[in-house]
There are 2 protein chains.
Amino acid sequence: MNTAGAHGAEKRGRGIDRREQILQVALQLFAQHGMAQVSTRQIARAVGISQPSLYAHFASAHEISAELCLRAFAGLSAASRKVLEAPGTARDRFYRLGRAYIDFGLAHPDMYRLAFMQEPDETVSQLVQQGKDPVMAAGQGAFDLARQALAQMLGRTEAEVELQAQSIWASVHGLTALLIARPMFPWVDRERLIEHHLAAICAPYETAAASG
Amino acid sequence: MNTAGAHGAEKRGRGIDRREQILQVALQLFAQHGMAQVSTRQIARAVGISQPSLYAHFASAHEISAELCLRAFAGLSAASRKVLEAPGTARDRFYRLGRAYIDFGLAHPDMYRLAFMQEPDETVSQLVQQGKDPVMAAGQGAFDLARQALAQMLGRTEAEVELQAQSIWASVHGLTALLIARPMFPWVDRERLIEHHLAAICAPYETAAASG
DNA sequence: TTTGCAACCTATCATAGATAGCCTATCAGG
DNA sequence: CCTGATAGGCTATCTATGATAGGTTGCAAA
């Protein structure tokens, strides 16, 4: 399973990557009950160690979530790059990028929430300002990819691209966030809504090359 | 100030509307330190009573936030109605409605967060399903107003209106929510961003009457 | 006066994340 | 084969949270 430090010994946790095990267990518990409902004691019990022992592997409860969040967003980045390198018109690639973004948010609601919906003060405080928080880095990275894609598609001045990129990001985020935060709202068919939303966002760029 | 039970006596809190006083104090503390950072003990201390005494006036800590949220959204509804009744083209009224919505969110970030960004499970659970939660009612009410405005502007089939209303709401929410959740992000000039965002949303409807 | 009750109190609970200090199995060096 | 260092773990405990239990006070109406 793990290629790291498996030297054969197993007693007392040696040989198994405890940190990795904790992350896996936490991920499963988060998916099952929702991140906010899972306590460090639950995680520790599921792992089979005491609650304070978690702090030998992580500096804080938040660090566990942050690490998982970072990994999840790495997956989004990989998927995004694949989309951007795939064949198709610039508009289609951009459309699929938006689609991948929304799908990611809906597939990892807790991670998306942590990255873009929670106030940084709740989770970290100094780290954010220092730019050292992995969650922030993950979120920023995801946006940067989208901005690059838009820049390629438009080829306009930097300032204009930044403005439009932020506006488009807001629109895509809006649907993702609302579907996550208000799943019980009487939404129209989700698939139709997403398709319409992305189409509306892409609409101004259907003939972008000609109009600009 | 209050028309309720002010009989003249003041000792032991009689004569002053404690519930109202708690709400005012809580509102100020929320504005000062952020809702998540304010505890029931802080509120009680600021009011001058013990922490358990709060429960004589509110069933839970959430009820305090919910009441304040309800009042804030009542303000949004009033402002929205004013916009809708004001003169101007349908497009302009719709634009100003979006503007009022965003401005409201930025002016009352905690209330907006409570209504649209927090997961209902965190705050209430059964209440939501029963439709009795004032926060949910407030949020729903705000959206309903916008939907009506769009219906007036478009005059299309109900299903189409619902689809477009939800998509537009998502876009407007997206910018509001991101500006609230990530104030430190390197945004372009906020005013320019909001104007551009609303313009982009309204763009398809500039010649709506002709194209439909 | 006496009764009733609303408002308030202190004491306490359960749970959260987090820290302190001790114990022990393993491993490296003599 | 012993010995010391240490990584990993433990129990006990701390502070803070929202919330409950049950007693006390003082006004007001009967």
Side-chain angles (χ1 to χ4, degrees), chain A residues 2 4-23 25-26 29-30 33-68 114 118 121-127, chain B residues 2 4-23 25-26 29-30 33-68 114 118 121-127:
Chain A
N2 56 19
H7 284 146
E10 280 188 8
K11 283 172 188 176
R12 194 119 165 233
R14 265 177 232 255
I16 50 173
D17 194 336
R18 254 299 138 77
R19 187 181 163 96
E20 199 60 31
Q21 185 192 5
I22 292 169
L23 287 171
V25 166
L29 285 176
F30 288 170
H33 308 105
M35 224 179 65
Q37 318 304 327
V38 176
S39 69
T40 54
R41 281 171 175 82
Q42 271 179 276
I43 297 173
R45 181 151 34 88
V47 170
I49 61 178
S50 71
Q51 180 256 350
S53 290
L54 290 177
Y55 292 83
H57 304 277
F58 298 91
S60 68
H62 167 256
E63 201 180 285
I64 299 177
S65 320
E67 175 72 30
L68 289 174
L114 187 58
Q118 223 137 295
D121 306 354
E122 285 178 13
T123 58
V124 274
S125 52
Q126 304 96 327
L127 286 177
Chain B
N2 56 21
H7 284 96
E10 278 187 10
K11 283 173 186 172
R12 197 119 164 235
R14 266 176 232 255
I16 50 171
D17 194 336
R18 252 305 136 73
R19 186 182 163 97
E20 199 60 30
Q21 186 193 4
I22 292 168
L23 287 171
V25 166
L29 286 175
F30 288 171
H33 310 105
M35 225 179 64
Q37 318 302 327
V38 176
S39 69
T40 54
R41 281 169 175 83
Q42 273 180 274
I43 297 173
R45 182 152 32 86
V47 169
I49 60 178
S50 72
Q51 179 255 353
S53 290
L54 290 177
Y55 292 83
H57 305 276
F58 298 91
S60 68
H62 166 258
E63 201 181 283
I64 299 177
S65 321
E67 175 72 29
L68 289 174
L114 187 57
Q118 223 137 297
D121 305 356
E122 285 178 13
T123 59
V124 273
S125 51
Q126 304 97 328
L127 286 178

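By convention in this document, chain letters (A, B, ...) are assigned in the order of the sequence lines, proteins followed by strands, and residues within each chain are numbered from 1. Keep in mind that the numbers below use all heavy atoms, side chains included, and drop hydrogens, waters and symmetry copies.
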Which nucleotide in the set D:dT20, C:dC8, C:dA18 lies at the smallest distance from any side-chain heavy atom of B:Pro52? D:dT20

Using atom CZ of B:Phe58 as one end and atom C1' of D:dG18 as the other, report the distance to the nearest whole Å. 15 Å

Can you tell me how far C1' of D:dG18 sits from CD1 of B:Ile64, to the nearest Å? 11 Å

When all nucleic acid strands are considered with a 4.0 Å heavy-atom cut-off, which category describes A:Ser50: base, sugar-phosphate, or nothing? base

Which pair of non-hydrogen atoms, one from B:Ser60 and one from B:Tyr55, has the smallest distance, and what is that distance? CA-CE2, 4.0 Å

Ranking D:dC10, D:dA19, C:dC8 by distance to the side chain of B:Ile49, first place goes to C:dC8

In whole Å, what is the span from the CD atom of A:Gln51 to the P atom of C:dA16? 9 Å

Write down the atom of A:His57, the atom of A:Arg19, and the distance for their closest heavy-atom approach. O-NH1, 2.8 Å

For a quick check of understanding: with a heavy-atom distance under 4.0 Å over all strands, which category does A:Ala61 fall into, base, sugar-phosphate or nothing? sugar-phosphate

B:Ala46: what forms a side-chain contact (heavy atoms from CB on, under 4.5 Å) with it, not counting sequence neighbours? B:Val25, B:Leu29

To the nearest angstrom, how far is A:His33 atom NE2 from C:dT15 atom P? 16 Å

Of the candidate nucleotides C:dT10, C:dC8, C:dG17, which contains the atom at the shortest distance from the side chain of B:His57? C:dC8

Protein-nucleotide distance (A:Arg45, atom CZ; D:dC10, atom P), rounded to Å: 14 Å

Between A:Tyr55 (OH) and C:dA18 (C1'), how many Å, whole number? 5 Å

Touch class at under 4.0 angstrom, heavy-atom based, for A:Ser39 against every strand present: sugar-phosphate

Donor-acceptor under 3.5 Å (A:Arg41 side chain, A:Gln51 main chain): no

Could you check how far NE2 of A:His62 sits from P of C:dA16, rounded to whole Å? 19 Å

For D:dG18, does OP1 or OP2 lie under 4.0 Å from any side-chain N or O of B:Thr40? yes

Is the closest side-chain heavy-atom distance between B:Ile49 and B:Arg18 below 4.5 Å? yes

Which of the following nucleotides, D:dC10, C:dG17, D:dA19, is nearest to the side chain of B:Arg41? D:dA19

For B:Leu54 and D:dG18, what is the distance between atoms CG and P respectively, to the nearest whole Å? 10 Å

